[in-house]
Amino acid sequence: MGKLGICENPYGYVKDLIVETTSSYIAENLTKNLDEVKEVVKSFIEEPPRREFGDFSLPAPRLSRVFGLPLKQTIEGLINSLKKVALVDRIDEVNNYVNIYLNYSMLSELVFNSIREAGLNYGRPCFKKPKRVVVEYISANPVHPLHIGSGRNAVLGDFLYRLFKFVGYDVERRYYVNDVGLQTAFLAFGYSILNKPKPPINFKPDHYYGLIYAATSIIIEISKIRKKLKEAGMDELPKLSELQRDLDILLADLSRVKERIPKEVDKLMEEITREENPEGKVNEIMRNYERLDPNYNFVREVSEEVVKGIAETLDKLNVGIDVWDWESDVIRSGVLKEVLEKAKASPYYGYYKGVPALMFRDLLNDENIKTRLKIPKALEVPPLILMRSDGSTLYTTRDIAYTLIKFRNFNADEVINVIAVEQILSQAQLRLALYALGYVREAENLIHYSYEMVNLPGMSMSGRRAKYVTVDELLESMASKVKNVMKDRGVEVTEEQALKIARSAFKFMILSTSPSKTLVVDVGRALDLKQNSGPYMQYTYVRAKSILDKVDNHVDWNSIDYSKSVKEPVKTLIWELSKFPEVISKTLESLQPEGLATYLIKVADLYNNLYDAEPILKEVDKGYRELKLAVTYGVAVVLKNGMEVLGLDVLDRM
RNA sequence: GGGCCCGUAGCUCAGCCAGGAUAGAGCGCCGGCCUCCUAAGCCGGAUGUCGGGGGUUCAAAUCCCCCCGGGCCCGCCA
């Protein structure tokens with residue numbers, strides 16, 4: 001059996017071999033173009049639903065119909081051509097399916113030669129010119145701690161980063177700190193009323209200022225409603241009762257915040273109620289800060305404190321950021337000016353609702369542009385307003401400049417924005433705007449990696465109302481749960497290890513769910529580690545690792561008796577191990593984590609079957625023992641690399 | 001009103017893009033397994049109108065249309 005190169009994919013190799021062989025037969029018999037035939041066969045070949053039907057299967061009726069070859073002849077031809085392939089052990093036909101059974105002695109040798117050759121690089125593809133990618137993620141407003149919604153963003157973005165790193169791309173991670181805008185102005189307003197307080201000891205700054213932010217925002221809302229109640233006449237009874245209901249909810253929210261920071265809430269209540277127009281004050285802070293007036297630098301000051309807290313949380317999650325970009329710095333940069341100038345010169349420039357805007361109607365008439373910019377066919381995109389009537393810019397306008405900065409600073413081929421699905425429209429506007437201004441390459445290579453919302457059972461989260469479960473809280477509860485489990489088992493556990501298990505459980509919970517599905521996080525459920533497969537993966541790896549340690553990580557490759565590969569569960573395990581490089585390349589193509597997660601669980605399940613069913617180290621048949629050790633090594637490599645891509649901590653013991 | 005996404009076992013989810021052979025995991029439930037490589041494990045058992053209805057097809061969880069239910073978006077907010 002020939003050796004495969006270091007970045008080869010044994011599963012893909014075997015599949016191609018079969019496709020090649022059967023396609024040649026068909027092409028020769030029908031004098032058709034070989035490549036075209038291969039294309040078709042490749043899309044038809046499948047894995048049978050059950051192992052007893054073999055490893056690959058060809059649905060003869062479909063091939064027969066597509067190529068116009070009689071069914072009987074198709075079946076016979078396929079079987080005869082496949083007979084010549086050494087790697088094929090036998091072929092049969094059931095229900096017009098041509099089922100292919102591989103020679104596991106040979107397949108096994110092929111797979112383990114790959115794994116042995118590649119070692120810890122198994123699964124890593126080779127690229128002549130690796131891509132340069134920027135991943136912008138999290139970018140939560142610097143006004144409250146990360147809640148589990150931003151947690152989902154962090155985990156997904158971290159997965160993308162690790163995946164790209166694993167396959168050898170150059171990647172840069174960026175966090176866009178939105179310090180310009182209404183939200184930070186709310187916080188800064190409360191912050192200044194309270195005379196710029198420092199967080200009490202043992203209070204993380206993001207948690208503390210998050211409460212001040214929520215209190216300020218709730219109180220302003222309350223004073224607005226009270227004003228409306230006063231103004232409303234008695235003849236508007238339905239409206240009155242609706243306002244009263246809203247008010248009651250806000251008061252309840254406020255009393256929740258007050259439990260945590262009573263003095264601050266009282267003071268805010270007193271001062272804000274006294275204000276004639278508190279919202280005006282907030283707007284004033286926003287405008288002046290955006291104008292970079294140095295007297296308003298306290299906005300940046302308090303934002304930085306919150307960012308410190310967020311960075312600490314990310315550290316606990318083992319999620320990293322290479323560059324922190326401040327929106328106010330984007331304003332300072334010349335790029336925003338460049339964007340505005342280009343906009344004015346653009347044929348798409350116009351006025352919408354009386355203010356400067358980019359009109360997309362003409363662009364959207366071209367279906368081709370929609371396809372190139374990945375904009376859904378039926379999606380109507382309204383004009384993008386570039387400036388307020390006072391001449392200040394809007395978020396998306398600044399985001400055009402920021403996108404250019406990301407491309408330029410890293411000389412990126414591709415920029416990925418990990419942003420919740422709710423921003424799908426503004427992200428489409430962003431791409432259209434880039435295109436309209438002539439930044440075509442950037443427009444086509446800007447990817448909105450979207451994911452669905454995270455909710456709590458029966459309710460959604462809100463930063464403005466301090467209704468959220470923070471990543472810090474959840475991690476801490478999970479870690480203490482881990483410690484309890486370990487204690488029950490009589491095992492010593494360090495804080496650090498408990499955290500590693502906890503965050504891996506958290507990450508796996510998120511990554512095994514498709515990003516396109518709404519995620520409901522039930523904290524009680526998340527704490528039930530039994531229901532979580534993160535620790536299961538870690539545990540399975542530990543089992544394999546502890547066996548390998550006992551043989552000093554040495555597998556006697558030359559003594560392996562490959563003929564023993566036909567026995568289950570070793571057989572299926574080898575089959576699954578062969579797929580890892582294929583799974584990685586599919587993951588790279590789709591950027592979806594759940595397929596990899598499912599695959600790793602399968603490998604772990606099979607290995608646990610083997611582990612329980614038979615002794616490995618004490619196997620008396622030397623050739624079989626070494627085969628099982630090779631399997632153990634393969635499982636360890638696959639689990640380790642897989643967990644690394646998913647961002648789970650790889651532990652040596654637990 | 002228009003658009004995007006989701007609906008698969010009691011619960012959490014794979015499978016859908018490239019249609020095929022008895023629809024898969026995990027959790028939970030019931031019953032077993034530690035003088036033996038870490039029992040966060042393993043073995044056995046029960047569990048489904050693939051949201052509903054049409055259509056295309058030899059064949060539909062998968063493709064097309066309609067409907068129902070849930071989420072999100074349609075701002076001189078971000």
Side-chain angles (χ1 to χ4, degrees), chain A residues 39-40 42-44 46 48-50 53 57 59 61-62 65 94-97 99 139 141 178 180-184 286 327 352-357 376-382 385-396 398-399 419-426 428 450 452-453 455 460 482 485-486 488-489 491 501 505 509 512-514 516-520 522 525-526 528-540 542-551 590 594-595 597-599 601-602 604-605 608-619 628 632 653-654:
Chain A
E39 197 67 23
V40 175
K42 204 168 183 170
S43 72
F44 283 6
E46 62 192 62
R50 278 171 298 151
F53 286 141
S57 173
R62 292 180 74 185
R65 195 173 60 254
V94 183
N95 295 336
N96 292 330
Y97 279 88
N99 292 331
S139 299
N141 285 335
N178 309 126
V180 180
L182 216 48
Q183 307 315 315
T184 40
M286 177 179 78
E327 198 176 0
Y352 181 68
K353 296 185 183 174
V355 276
K377 286 179 289 297
L379 190 67
E380 272 187 54
V381 187
I385 293 180
L386 294 166
M387 286 186 208
R388 300 191 183 95
S389 40
D390 66 358
S392 61
T393 53
L394 285 142
Y395 177 83
T396 309
R398 287 173 236 133
D399 209 7
I419 301 180
V421 67
E422 59 191 354
Q423 294 209 39
I424 190 162
L425 190 63
S426 66
S450 87
E452 266 289 349
M453 311 304 291
N455 293 321
S460 51
V482 169
V485 172
M486 299 290 248
D488 289 348
R489 297 172 55 214
V491 182
I501 295 170
M509 172 180 81
S512 55
T513 304
S514 169
S516 64
K517 287 195 181 182
T518 314
L519 187 65
V520 177
D522 181 325
R525 216 170 248 285
D528 185 352
L529 299 168
K530 276 271 177 192
Q531 297 193 13
N532 207 299
S533 301
Y536 174 67
M537 305 282 333
Q538 292 175 310
Y539 179 74
T540 307
V542 165
R543 277 185 148 180
K545 187 71 169 72
S546 83
I547 287 183
L548 293 171
D549 283 346
K550 291 198 169 66
V551 292
S590 69
E594 68 275 17
T598 308
Y599 166 79
I601 288 289
K602 193 167 193 176
D605 284 346
N608 280 316
N609 292 347
L610 172 66
Y611 186 95
D612 244 69
E614 321 197 8
I616 295 172
L617 292 171
K618 289 187 179 163
E619 172 60 55
K628 286 192 273 191
T632 302
R653 60 188 54 183
M654 64 189 282

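Numbered from 1 within each chain, the chains take letters A, B, ... in sequence-line order.
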Across all strands, who's sitting opposite rG41(B) as a Watson-Crick or G-U wobble pair, both distances under 3.5 Å?
rC33(B)
Student check: side-chain heavy atoms of Thr513(A) and Glu594(A) closer than 4.5 Å:
no
Any chance you could list the contact pattern along nucleotides 60-74 of chain B? Use B for base contacts, S for sugar-phosphate-only contacts and - for none, protein heavy atoms under 4.0 Å, 5' to 3'.
-----------BSSS
Scanning all shown strands, the Watson-Crick or wobble mate of rA14(B) with both distances under 3.5 Å is none
Can a side chain N or O of Lys618(A) be found less than 4.0 Å away from OP1 or OP2 on rC37(B)?
no
Could you please name the option among rA78(B), rA21(B), rC42(B) that lies closest to any side-chain atom of Asn609(A)?
rC42(B)
Starting the side chain at C-beta, find the nucleotide from rA78(B), rC13(B), rA18(B) nearest to Ser43(A).
rA18(B)
Rounded to the nearest Å, what distance is computed from the CD atom of residue Glu614(A) to the P atom of nucleotide rC42(B)?
16 Å
What's the CD-P distance between Glu46(A) and rC17(B), to the nearest Å?
12 Å
Any idea which of rC13(B), rC77(B), rC11(B) is nearest the Leu519(A) side chain?
rC13(B)
Length of the CG-P vector between Asp549(A) and rC37(B), whole Å
15 Å
So which nucleotide from rG15(B), rC76(B), rG2(B) ends up closest to the side chain of Glu594(A)?
rG15(B)
Using a 90° cut-off around 0 for syn, call rC34(B) syn or anti.
syn
Same-atom distance (C1') from rC68(B) to rA21(B), integer angstrom
33 Å
Is there any protein nitrogen or oxygen under 3.5 Å from a nitrogen or oxygen in nucleotides 38-41 of chain B, and what are the pairs?
residue	atom	partner	partner atom	Å
rU38(B)	OP1	Ser546(A)	OG	2.5
rU38(B)	OP1	Lys550(A)	NZ	3.4
rU38(B)	O5'	Tyr611(A)	OH	3.4
rU38(B)	O2'	Tyr539(A)	OH	2.2
rU38(B)	O2	Met654(A)	O	3.4
rU38(B)	N3	Met654(A)	O	2.8
rU38(B)	O4	Met654(A)	N	3.0
rA39(B)	OP2	Arg543(A)	NH2	2.6
rA40(B)	OP1	Arg489(A)	NE	3.3
rA40(B)	OP1	Arg489(A)	NH2	2.6
rA40(B)	OP2	Arg489(A)	NE	2.7
rA40(B)	N7	Arg489(A)	NH1	2.3
rG41(B)	OP2	Lys530(A)	NZ	3.0
rG41(B)	O2'	Arg543(A)	NH1	2.6
rG41(B)	O2'	Arg543(A)	NH2	3.3

Let me know the distance between CG of Asp399(A) and P of rG75(B), rounded to the nearest Å.
18 Å
